[in-house]
Amino acid sequence: MSRILVIESSARQQGSVSRQLTADFIAQWQAAHPQDEVTVRDLAKQPVPHLDETLLAGWMKPAEQQNDAEKAAAARSNELTDEVLAADVLVLAAPMYNFAIPSTLKAWLDHVLRAGVTFKYTETGPQGLLTGKRAYVLTARGGIYAGSGMDHQEPYLRQALAFIGIHDVQFIHAEGLNMGAEFSEQGLAKAREQLAQVA
């Protein structure tokens with residue numbers, strides 16, 4: 001049995017293409033792997049606070065020196081990190097907002113990219129600790145950005161995932177969604193074709 005962790009980050013609950021792709025992914029994956037366990041964390045319904053002094057203190061202070069807010073912040077980060085550690089497959093659903101990922105997804109990454117937990121510093125530089133995992137990134141984009149200098153999603157997420165040891169990463173882009181019906185249909189069809197191959 002494998003464990004699948006799905007991270008939703010669209011601000012929209014209705015009409016979200018990234019959520020449609022996620023639903024397709026989960027349905028196809030469960031049909032092909034009915035014994036697998038799928039966990040979904042929705043960052044719109046359960047937003048993660050942005051990195052702040054309270055969380056940094058929760059990480060760095062000894063437990064006996066933490067106040068209640070710092071303990072709560074550390075516990076929240078531990079919960080999020082434990083989910084990633086337990087997962088065999090990570091699925092990130094990421095609409096493109098202003099050429100990059102949603103701030104909610106960045107906040108989640110700030111909680112789980114943790115020294116001594118998901119990566120460590122060595123004499124030769126940082127080393128990721130989450131080796132052996134796979135990741136799929138499902139994006140929804142109004143224009144066509146793959147391979148262009150305006151795409152700050154894929155390069156950033158590839159780097160962030162590689163930093164914690166996840167190098168087996170596949171991106172599935174639904175592009176051209178705001179460029180008219182023809183481009184939108186083509187973009188969705190291409191993404192769904194790739195999804196079917198994944199499952």
Side-chain angles (χ1 to χ4, degrees), residues 1-49 55 58-59 72-95 101-102 104-120 127-140 153-154 156-174 188 191-199:
M1 181 190 79
S2 294
R3 292 177 176 155
I4 319 302
L5 175 61
V6 178
I7 305 296
E8 295 274 22
S9 65
S10 174
R12 295 191 296 172
Q13 294 294 322
Q14 303 296 324
S16 165
V17 172
S18 67
R19 290 182 185 277
Q20 292 174 32
L21 295 178
T22 305
D24 289 347
F25 179 96
I26 292 172
Q28 292 173 23
W29 189 277
Q30 289 182 322
H33 311 278
Q35 73 282 3
D36 287 359
E37 177 184 313
V38 178
T39 299
V40 178
R41 177 169 286 277
D42 190 330
L43 299 178
K45 290 182 176 179
Q46 296 176 296
V48 175
L55 177 57
W59 284 341
R76 180 179 56 245
S77 180
N78 289 339
E79 178 184 355
L80 297 171
T81 306
D82 286 346
E83 288 180 344
V84 177
L85 292 170
D88 301 294
V89 178
L90 178 63
V91 180
L92 303 180
I101 62 173
T104 51
L105 183 55
K106 175 61 166 62
W108 178 83
L109 286 165
D110 285 339
H111 278 71
V112 302
L113 271 65
R114 288 177 57 185
V117 182
T118 56
F119 74 93
K120 65 180 180 180
Q127 178 183 335
L129 300 176
L130 302 189
T131 57
K133 299 180 187 291
R134 283 181 290 162
Y136 299 97
V137 182
L138 316 179
T139 76
Q153 277 187 319
E154 182 169 341
Y156 170 72
L157 289 173
R158 280 196 185 278
Q159 181 175 341
L161 293 170
F163 189 74
I164 56 176
I166 304 177
H167 298 277
D168 185 356
V169 183
Q170 180 176 345
F171 280 77
I172 297 175
H173 300 300
L188 273 173
R192 286 180 168 141
E193 181 181 344
Q194 291 178 287
L195 280 177
Q197 294 171 359
V198 166

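In what follows, every heavy atom counts, from backbone to side chain, and hydrogens, waters and symmetry copies are set aside.
Remark: the backbone N or O of V117 is not paired with any side-chain donor or acceptor of R114 at under 3.5 angstrom. Using modelled atom types, one side-chain atom of Q153 and one backbone atom of A94 make a donor-acceptor pair closer than 3.5 Å.
Considering every non-hydrogen atom in both L55 and A73, the closest pair reads CD1-O, 3.4 Å. Between S16 and S18, the shortest heavy-atom contact is OG-OG, 3.2 Å. Of all non-hydrogen atoms in M1 and Q35, the two that sit nearest each other are CG-O, 3.0 Å. What you find for S9 and L105 is that their closest heavy atoms are CB-CB, 4.0 Å. T22 and A93 make their closest contact through OG1-CB, 3.2 Å (heavy atoms, listed as atom of the first residue, atom of the second, distance). Minimum interatomic distance between H173 and A191 (heavy atoms only, all atoms of both residues): O-CB, 3.8 Å.
Judged as a side chain to side chain donor-acceptor pair (under 3.5 Å), and not counting sequence neighbours, T118 has no contacts. By the side-chain contact (heavy atoms from CB on, under 4.5 Å) test, Q127 is found to be paired with K120, T122, residues two or more places apart in sequence or in another chain being considered. In this structure, the side chain to side chain donor-acceptor pair (under 3.5 Å) partners of R158, at least two apart in sequence or on a different chain, are E154.
For the residue pair R134/Q170, the side-chain donor-acceptor check at 3.5 Å is not satisfied. S77 and H111 are not linked by any side-chain donor-acceptor pair at a separation below 3.5 angstrom, with hydrogens and angles left out of the test.
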| task | Report the C-alpha separation of L161 and Y156 in whole Å, then their side-chain angles, then the decisive distance to 0.1 Å, and conclude whether the side chain to side chain contact (heavy atoms under 4.5 Å, CB included) test is met. | result | CA-CA 9 Å; L161 293 170; Y156 170 72; over 6 Å; no

| field | Verdict with reasoning, V198 to F25, per side chain to side chain contact (heavy atoms under 4.5 Å, CB included) | value | CA-CA 8 Å; V198 166; F25 179 96; 3.7 Å; yes

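Contact of the Q30 side chain with the V38 side chain is registered, since non-hydrogen atoms from C-beta on lie closer than 4.5 Å. Between Y136 and L21 the shortest side-chain heavy-atom distance does not fall below 4.5 Å.
To the nearest 0.5 Å, the span separating CG on D42 from OG1 on T104 amounts to 9.0 Å.
Ion pairing between a basic and an acidic side chain is recognised when a charged N comes within 4.0 Å of a carboxylate O; D88 and K133 show no such pairing. The pair E8-R41 does not count as a salt bridge, with every side-chain nitrogen at least 4.0 angstrom from each carboxylate oxygen. Salt-bridge formation is not detected for the pair D24/R19: no Lys NZ or Arg NE/NH1/NH2 atom is positioned less than 4.0 Å from an Asp or Glu carboxylate oxygen.
Partner of V137 under the side-chain contact (heavy atoms from CB on, under 4.5 Å) criterion, out of L157, I172, V91: L157 alone.
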